[in-house]
Asker: 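The structure is given below, and queries will be raised subsequently.
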Amino acid sequence: MDLKERIRRSPPQGEREAIPESSSSPRPRGGRKGRAVVLSLSAAALLVCAVAMLLLAGGSAARRGQFLGADPSGLSRGGDLHLARSRDENGASESSEVVNDRLFGGLLSSGFDEQSCLSRYQSVLYRKESSHFPSAYLLERLREHEALQKKCGPHTELYNKAIEQLKSGQDVKVMDCNYLVWVAYSGLGNTILTIASSFLYAILTKRVLLVDDDKGTSDLFCEPFPETSWLLPSKFPIKQFKNFSIGSPESYGNVLKNKAIHSNPAFLYLHLAHDYGDYDKLFFCEDNQQYLQTIPWLILKSDNYFVPSLFLIPPYQKELIRLFPQRDTVFHHLGRYLFHPSNVVWGMITRYHDSYLAKADERLGIQIRVFDTEPGPFQHVLDQVLACTLKENLLPEVNTQQPIVSTRNSRSKVVLITSLNSGYYEKIRSMYWEHPTTNGEIVSFYQPSHEEHQKSNKKIHNMKAWAEIYLLSLSDTMVTSAWSTFGYVAQGLSGLKPWLLFKPENHTTPDPPCRQVLSMEPCFHAPPFYDCKAKRGADTGKLVPHVRHCEDMSWGLKIVDQSE
């Protein structure tokens, strides 16, 4: 039986023990809670026939995730996606294989109410199985961190005690529970990358991660930790924390610069945004990390994926290598662990996918991001996209000489284009509508939205953007734009190494137009160039073999696998 079909038919994990194991009684499917009903033999036979007919009629659609209704809460009505102890022909239990698949090889915890976050366990029906497996040590540390979040999270006794000490304003000592507060800042792509970076830092330093919900984090993502919340309570006593900046006296950089360090401050602000100064960058030095371990509360603001520089801090290097033996899977694993679309966003994703993308033989994602103040579309960008996709055989050539090209077996390819501007989509779609492909392949084009301008402070804009990032990450092949954190997130979630469109200069199509990246890891756009031991400037892209400069930004840093 197909693995997705077994997941589709299965009951929730918490209900499995209520199903009698006796082989003498019939085993009901469907997983609804309630009393077991004893059926007569004839009634049972009729029921079995009816169920069989329904499965034959709708099973293939369900396997593709063809959920009924526009309401995302309807995705699990009738228990279609619940987990069962299905049996193979020999009567052997297959539940462990199904559980492993829907939990991404143990990356996810099973201790959640499925209705609270439909995407957490249903995404397996949409996403291909990853070829990158989390290490056993990463799984162990994730479970430990979940226990820490539950023990010290908001409204627990230990959290309340830590808050009282913070309110006192007096020097305090490190306690059983220490905290890292992430401050909402910048656009959605940056938000996702900086939360992932902060989470990794929290794991390395054994801190509870709390996220500021100022930009609607809870509207976009489900809670990642079981039986607790990662949202910073609204009554957090440091009222001005959202306004902290590079000039704030509370910043660690200014404390160092002004030589104002004292033994046990209650909190410090870490300014790791693109405009941070030389003293702020000392955060990435070993001596400074030792001092920061003595601070109970750290408040962090960033718009950078600063993970590559964490790999250059000696106390963390061994731990990071154990966590990620395949170096370039950091965001792939952490992104899949942390970022599950909320039920509303999941409804947007599944409705669009099932309506336009599900039936194609192949899915190509093209993300077009133009960093230009003038309105588009631009001809040189369109030429670049076509030059890349045609040269790399991602799209077939069109035949301008014949009105019809016939083939015996026409494959279908669907192309998802994401861009703030609709012009590129319209021109490429018209090209393939007006002319047949030379190989007879049927190509369809779709673009979910075209917002024209980035509107990071608007809730619905961010929800659409998150849905499009996720849809893009479901592609079989991907083309992304240089410098774009939107594309970085999609490639990391997908586990793909996309073709990267180089940033055009002087309104000219780059030659070559694109190249396939060495690593699916995002780029750290503003790394420090400083050797902490020698206390002088250094090229940090040459210190260790698995941290190199980015393909799209020569001064940026990214993690690569050493075998590449």
Asker: Check H132 against H333 and note the closest heavy-atom contact, atom names and distance.
Answerer: O-CE1, 3.3 Å
Asker: Is the cationic atom of R327 (NZ for Lys, CZ for Arg) positioned less than 6.0 Å from the six-membered ring centroid of F311 and within 45 degrees of its normal?
Answerer: no
Asker: Looking only at non-hydrogen atoms, find the nearest pair between L107 and P134 and report the distance.
Answerer: CD1-CB, 4.0 Å
Asker: Between F284 and F524, what is the ring plane arrangement, given parallel below 30°, perpendicular above 60°, and tilted in between?
Answerer: tilted
Asker: With a 6.0 Å cut-off (strictly less than), is the heavy-atom count around OH of Y356, excluding the residue itself, greater than 12?
Answerer: no
Asker: Indicate the atoms forming the closest heavy-atom contact of I246 with Y276, along with that distance.
Answerer: CD1-CA, 4.0 Å
Asker: So that I know where these two stand, are Y179 and Y159 an aromatic pair - ring centroids less than 6.0 Å apart?
Answerer: yes
Asker: Which pair of non-hydrogen atoms, one from S473 and one from S494, has the smallest distance, and what is that distance?
Answerer: O-CB, 3.1 Å
Asker: From F324 CZ over to D561 CG, what is the distance, rounded to the nearest 0.5 angstrom?
Answerer: 13.0 Å
Asker: I'd like to check the side chain to side chain donor-acceptor pair (under 3.5 Å) partners of S130; sequence neighbours left out, ordered by chain and number.
Answerer: H332
Asker: Looking at E227 and K150, is any side-chain nitrogen of the basic one under 4.0 Å from a carboxylate oxygen of the acidic one?
Answerer: yes
Asker: Is it possible for you to check whether R127 lies under 6.0 Å from the centre of the six-membered ring of Y470, through NZ or CZ, and within 45° of that ring's axis?
Answerer: yes
Asker: F306 vs F283 aromatic rings, parallel, tilted or perpendicular, using cut-offs 30° and 60°?
Answerer: perpendicular
Asker: If you take all heavy atoms of A490 and I469, which pair is closest and at what distance?
Answerer: CB-O, 3.8 Å
Asker: Distance only, no hydrogens: is a donor on one side chain within 3.5 Å (strictly under) of an acceptor on the other, for D280 and H271?
Answerer: no
Asker: For S449, which of E468, K464, H461 qualifies under side-chain hydrogen bond (donor to acceptor under 3.5 Å, both in side chains)?
Answerer: E468
